[in-house]
Amino acid sequence: RFMLPERVLYHFKEGCEKEAAYFQQKLENIFSIKTAAVQGRKKRQVSFDIDHNHISLFGTEGYQLIINNSGIHVSAAAPAGIFYAIQSILQLMEKDERNYSLPYTEIFDKPRFSWRAFLMDDARSFKGAATVKKMLDEMAFLKMNVFHWHLTDDQGWRIQIPRYPKLTSVSSGMITAIPGKTFYTQGEIRDIVEYAAERHILIVPEIEMPGHASAAIAAYPELGVEKKPVTMPSGQGIFENIYDVSDTSVIQFIHDVINEVKTLFPSGIIHIGGDEVKYRPWENSGRVQAFIKQHKIASPAALQQWFVNGISRYIQAMGYRMMGWNDMLGKQHDTQQPTIPEGLAAETIIHFWLGSPKLINTAARAGHDVVNSFHEYTYLDYSYKSISLEKAYSFDPMPPSLDTALYNKILGLGCQMWGEHIPTVEKMYYQVFPRIAAYAEVGWTSPDNKDFRRFKNALPHIIAHWKANGISIDPATIE
């Protein structure tokens, strides 16, 4: 084993300064190990070598880690690779009576998928900036790289939009783990986005439309089909309050919100939800029906497609990509021979969660990227009886029937922590941990290298890390 001295000297090449600073901060603040950066050929215990010419070997997230009697040596082609190597170093460190040490090893590692996501539903149950940052830290430890932030829904609007102040003064929601705090200011969001970026995590905001819109309509009734005040629900359910997409002023409101969201999130992707739209208000509205007839739209489901297509083109014109749950395709999501509606922006990402898996193949053949979050395997609000740790680990985002030429269209997976049943942070932790570690490995490890027995044997070390960070694990969730 390589023994770390009381004062660790480290060297880094230009291009990974932030990652080296992160390494220094972790060693000093968590392990109480003094550090110092050295330059040139001076003696060092740790070296970080970044060479962009090796991108074809490592990709943007891969790395090589060699630990021998001369020290710890990290090579990568991009900063993210250095960062993930640091996570492996931190995971390998063990302490005896006096010193920390690491086993001699040589690792070449890179992820199977580029999209390894965790969804946190702040709209239904607000958790606050401190909890978000803690989840980002745990994602980084597990080499997950996309934080899908569900910020609006029927039960709450949690993102400040100064042009529409009632969204947060009236409709920021009642369910919160922080008394007196119910939404994120733009300053808080920018701080969280920067915090995530330092950990190589992309934050993708989700702003629901055209359904799940009760909170917005409660603040501004003119956004709804009936143009009447509505009561924002506090409980679970799928509600009929949907946007009046036949009204140009409603479309302008949505554009205004999207414009604000773009300034806050440099992710290049805006998730619009698009799921579980109840069509009855459109069906019962003479004005909406006249709009459908005037524009020769076949049905309310087709009206949703018309709306989604328009929003997708608006977002793409901004230089961003739209993403949405596969319901946004209207009734096409639940047929045995699904199709992709004409007019959907080419760069749109399809987020699969429900319906026929054939839609994944159809979307990929049509040129769309897909994130696979099939609910039967990835919904963290489901009980451990429904989705055990082993079942979570067994998930494969790659459909077995997909043509190998289209494998690159499957970006990866997301695991979803919906908020209806998690009013407290502790309840959220119970649902998330340890299953999030299984999803992290699904996203990173090739099928040939997956081994559930090995994964379970490695869990005690990870659980000790969680325990040190205030996250308790119920032993029953590991069985």
Do Arg116 and Tyr84 meet the cation-pi criteria used here (NZ or CZ under 6.0 Å from the six-membered ring centre, within 45° of the axis)? yes

Pairing residues for Glu208 by the side-chain hydrogen bond (donor to acceptor under 3.5 Å, both in side chains) criterion, not counting sequence neighbours: none

With a 4.5 Å limit on heavy-atom distance, are the side chains of His271 and His148 in contact? yes

Determine whether the side chains of Asp256 and Gln252 contain a donor N or O and an acceptor N or O closer than 3.5 Å. yes

Side chains of Tyr314 and Asn309: is there a donor and an acceptor less than 3.5 Å apart? no

Side chains of Tyr393 and Glu441: donor-acceptor distance under 3.5 Å anywhere? yes

Do Asp244 and Val288 have side chains that get closer than 4.5 Å, going by heavy atoms? yes

side-chain hydrogen bond (donor to acceptor under 3.5 Å, both in side chains) partners for Ser312, two or more places apart: none

Can you tell me if Tyr439 and Arg435 form a side-chain donor-acceptor pair at under 3.5 Å? no

Would you tell me whether Gln431 and Tyr384 have side-chain atoms, one donor and one acceptor, within less than 3.5 Å of each other? no

Side chains of Met135 and Val432 in contact at under 4.5 Å (non-hydrogen atoms): yes

Given the rule in the side-chain hydrogen bond (donor to acceptor under 3.5 Å, both in side chains) test, do Tyr195 and Asp137 qualify, once you have shown the distances and angles that lead to the verdict? CA-CA 9 Å; Tyr195 190 88; Asp137 284 335; 2.8 Å; yes

Using a cut-off of 6.0 Å, state whether more than 12 heavy atoms not belonging to Tyr377 lie near its atom OH. no

How many angstroms lie between atom CG of Leu459 and atom CD1 of Ile473, to the nearest 0.5 angstrom? 8.5 Å

Taking side chain as C-beta onward, heavy atoms only, is Trp157 less than 4.5 Å from Leu167? yes

Do the side-chain N and O atoms of Asp448 and Ser446 include a donor-acceptor pair separated by under 3.5 angstrom? no

Close side-chain approach of Leu202 and Phe147, heavy atoms under 4.5 Å: no

With sequence neighbours excluded, what pairs up with Ser88 under the side-chain hydrogen bond (donor to acceptor under 3.5 Å, both in side chains) test? Tyr63, Lys143

Any donor-acceptor pair under 3.5 Å from His368 side chain to Thr348 backbone: yes

For Trp149, all residues meeting side-chain hydrogen bond (donor to acceptor under 3.5 Å, both in side chains), sequence neighbours excluded: Asp122

With a 4.0 Å cut-off, would you call Arg124 and Glu420 a salt bridge? yes

Any side-chain heavy-atom pair of Trp325 and Phe352 under 4.5 Å: no

Would you call the rings of Phe48 and Phe23 parallel, tilted or perpendicular, taking 30° and 60° as the class edges? perpendicular

Does Lys450 make a cation-pi contact with Phe455, if we ask for NZ or CZ under 6.0 Å from the ring centre and within 45° of the axis? no

Take Trp306 and Leu303 through the side-chain contact (heavy atoms from CB on, under 4.5 Å) test and state the conclusion after the steps. CA-CA 5 Å; Trp306 173 90; Leu303 177 61; 3.9 Å; yes

Can you see whether Ser401 engages Asn361 through a side-chain donor-acceptor pair at a distance of less than 3.5 angstrom? yes

Does Asp369 pair with Arg321 as a salt bridge, N-O distance under 4.0 Å? yes

Using residues 232-239 as the side-chain source, report each donor-acceptor pair under 3.5 Å to any protein atom, sequence neighbours left out, with the distance given to one decimal.
none

To the nearest 0.5 Å, how far apart are CG in Leu65 and CG in Asp109? 9.5 Å

Ion pair present between Arg313 and Glu347, side-chain N to carboxylate O less than 4.0 angstrom? no

Lys127 (side chain) donor-acceptor with Ser125 (main chain) under 3.5 angstrom: yes

Checking Trp282 against Glu240: is there a side-chain donor and acceptor pair closer than 3.5 Å? no

So for atom CD, which belongs to Glu226, do other residues, nucleotides or ligands contribute more than 12 heavy atoms lying within a distance under 6.0 Å? no

Looking only at side chains, do Glu19 and His200 share a donor and an acceptor under 3.5 Å apart? yes

Euclidean distance, Thr362 OG1 relative to Asn326 CG, rounded to 0.5 Å: 11.0 Å

Hey, is Glu188 close enough to Lys133 for a salt bridge, meaning N to O under 4.0 Å? no

Report the residues that fulfil salt bridge (Lys or Arg N to Asp or Glu O under 4.0 Å) with Glu390, sequence neighbours left out, ordered by chain and then residue number. none

Regarding Arg158 and Asp153, does a basic nitrogen lie under 4.0 Å from an acidic carboxylate oxygen? no

Is there a donor in the side chain of Ser373 and an acceptor in the side chain of Gln416, or the other way round, less than 3.5 Å apart? yes

Donor-acceptor under 3.5 Å (Thr378 side chain, Cys415 main chain): no

Which distance, rounded to the nearest 0.5 Å, do you find between the CG of Asp381 and the OG of Ser386? 9.5 Å

Gap separating the CD1 atom of Ile315 from the CG atom of Asn259, nearest 0.5 angstrom: 10.0 Å

Please report the interatomic distance CD1(Ile422) to CD1(Ile175), rounded to the nearest 0.5 Å. 10.5 Å

Residues Trp418, His150; criterion side-chain contact (heavy atoms from CB on, under 4.5 Å); working and verdict: CA-CA 9 Å; Trp418 297 111; His150 190 75; 3.7 Å; yes

Would you check if Phe118 and Ile436 make a side-chain contact, meaning some heavy-atom pair closer than 4.5 Å? yes

Would you say that Trp444 contacts Met144 through its side chain, given a criterion of any heavy-atom pair below 4.5 Å between the two side chains? no

Cation-pi check, Arg287 to Phe291: give yes when NZ or CZ is under 6.0 Å from the six-membered ring centre and within 45° of the ring axis, no otherwise. no

